[in-house]
Structures are given as structure tokens and as C-alpha cells.
Colleague: 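Got a structure here, written out as C-alpha cells. Questions coming.
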Amino acid sequence: MESTLQLEIVTPDKVVVSQPVDYIGIPGVGGEFGILPHHVPLLSALAIGRLYFRTGDKTENVFISGGFVEVSGNTITILAESAELAEDIDAARAQAALERAQARLDSAADDVDMTRAQLALQRAVSRLNIVGSM
Ligand code: ATP
């Protein structure tokens, strides 16, 4: 039996990861959970946060901003609205997004969509956490 599972992380724009891995830690809407090879079939919703995967003794971090995870056969597919490997996160851009979102939330103006600003803030904070800038 294979000791790895195939991880596919896909966004509307691109395939971010496509490789065999040993283990995946996933930010689910109900909390973090892990997937090992030969997991039972699963369909679940994703939160905004850090996903990580291990291959041998190497661990890689990936930002994901919601979507769905499906485990089927020995493949795990992450369909995310956006996703970036840690090394591809632009910290300055995330910092600017954080400040924009914070200013919108602080203004409490009538035309500000608070939910949208909260989600933008969460994405920015999570990206900065992953690159270690917070
Ligand atoms: P921004 O306001 O800076 O666009 P956002 O959180 O609204 O941030 P998203 O809607 O999550 O951005 O993503 C839009 C696209 O831009 C996606 O392809 C995403 O991967 C990319 N992206 C957004 N922020 C960053 C970042 N800080 N570093 C690298 N790529 C990013």
C-alpha cells in the first residue's frame, strides 16, 4: 500500500500544489484537522488560514482563503478561492490590505460592508502570520 497521498491545491487561477505528500494539516471551518494517506472519503468546508503539508522531513505552509476539501481515493483536493505557498506571499501587499481593512472597520461608515472588511482583515492577518511578520 502506498504511504503517500496525492495533494492537489487548485484555485480559479492556477494549480498551486500537485504532489504526493505524507500528511496534511487543514484549517476547517470547525477547527484544524489532519489527513493521512488512505483516509476515508470526505467533503468539508475550509476556513481562512494556514494549511501545511509534510513530505519526509520537509514541511511547507500554504495560505488558503476558504473553499472546500475533498478526499477521494488516495487524492486530496483543496478547491480554494485563493491560495499561495508561504514563499509566494507578498508581505507588503498583505500589510497594505490589513491597513485598508482596518481603516474601513474603524470608519464604521454606512457604506462599508463590515463582513467583507472583516474577511479581508482575516486574510491579511493570516498571510502575515504565515510569513512571520506579525
Ligand atoms: P488584496 O486586497 O491585496 O487583493 P485580498 O485578500 O483581497 O488582498 P484575494 O482576493 O485573497 O486578495 O486574492 C486575489 C489574488 O491575489 C489571488 O490570486 C491571491 O493569490 C493574490 N494575492 C492576494 N494577496 C496576496 C499576497 N499578499 N501575496 C501574494 N498573492 C496575493
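Positions are given from 1, in the same order as the sequence printed here. Read the numbers this way: they start at 1 and go in the same order the structure lists the ligands and their atoms. Computed from a predicted model, the values in this text were never measured in an experiment.
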Colleague: Ile24 and Ile130: same hydrophobic cluster, using ILVMFWY side-chain contacts below 4.5 Å?
Modeller: no

Colleague: Would you mind reporting whether Thr77 and Val69 have side-chain heavy atoms less than 4.5 Å apart?
Modeller: no

Colleague: Got a donor-acceptor contact below 3.5 angstrom from the Asn74 side chain to the Thr4 backbone?
Modeller: yes

Colleague: Looking only at N/O atoms, are Ser65 and ligand 1 under 3.5 Å apart anywhere?
Modeller: no

Colleague: Near Asp88, which atoms of ligand 1 are under 4.0 Å from a heavy atom of that residue?
Modeller: 28 (N), 29 (C)

Colleague: Report the nearest protein non-hydrogen atom to atom 26 (C) of ligand 1: residue, atom name, distance rounded to 0.1 Å.
Modeller: Asp90 N, 3.7 Å

Colleague: When you measure from atom 20 (O) of ligand 1 to every protein heavy atom, which one gives the shortest distance, and what is it?
Modeller: Glu84 OE2, 2.6 Å

Colleague: So, the side chain of Thr55 versus the backbone of Lys58: is there a donor-acceptor pair under 3.5 Å, distance only?
Modeller: no

Colleague: Is the side chain of Ser126 donor-acceptor paired with the backbone N or O of Arg123 at a distance under 3.5 Å, no angle test?
Modeller: no

Colleague: Among all protein heavy atoms, pick out the one at the shortest distance from atom 14 (C) of ligand 1; state its residue, atom name and that distance to 0.1 Å.
Modeller: Arg93 NH2, 4.1 Å

Colleague: If we only count N/O pairs under 3.5 Å, is Lys14 in contact with ligand 1?
Modeller: no

Colleague: Consider only side-chain heavy atoms of I, L, V, M, F, W and Y, link residues closer than 4.5 Å, and tell whether Leu36 and Phe53 are in one cluster.
Modeller: no

Colleague: Evaluating non-hydrogen atoms only, which member of Gly66, Pro12, Ser82 is closest to atom 17 (C) of ligand 1?
Modeller: Ser82

Colleague: Output yes when Glu84 and Arg127 qualify as a salt bridge under the 4.0 Å nitrogen-oxygen rule, no when they do not.
Modeller: yes

Colleague: For Arg100, take its heavy atoms, then give the atoms of ligand 1 lying under 4.0 Å from any of them.
Modeller: 1 (P), 2 (O), 3 (O)

Colleague: Output the list of atoms in ligand 1 that are nearer than 4.0 Å to some heavy atom of Arg123, sorted by atom number.
Modeller: 5 (P), 6 (O), 7 (O), 11 (O)

Colleague: Could you tell me, atom by atom, which parts of ligand 1 come under 4.0 Å of a heavy atom of Ile89?
Modeller: 28 (N), 29 (C)

Colleague: Distance to 0.1 Å, residue and atom name: give those for the protein heavy atom nearest to atom 8 (O) of ligand 1.
Modeller: Arg127 NH1, 3.9 Å

Colleague: Run the numbers for me: atoms of ligand 1, each under 4.0 Å from some heavy atom of Asp13, listed by number.
Modeller: 18 (O)

Colleague: Determine whether Ile48 and Phe63 make a side-chain contact, defined as any pair of heavy atoms from C-beta on separated by less than 4.5 Å.
Modeller: yes

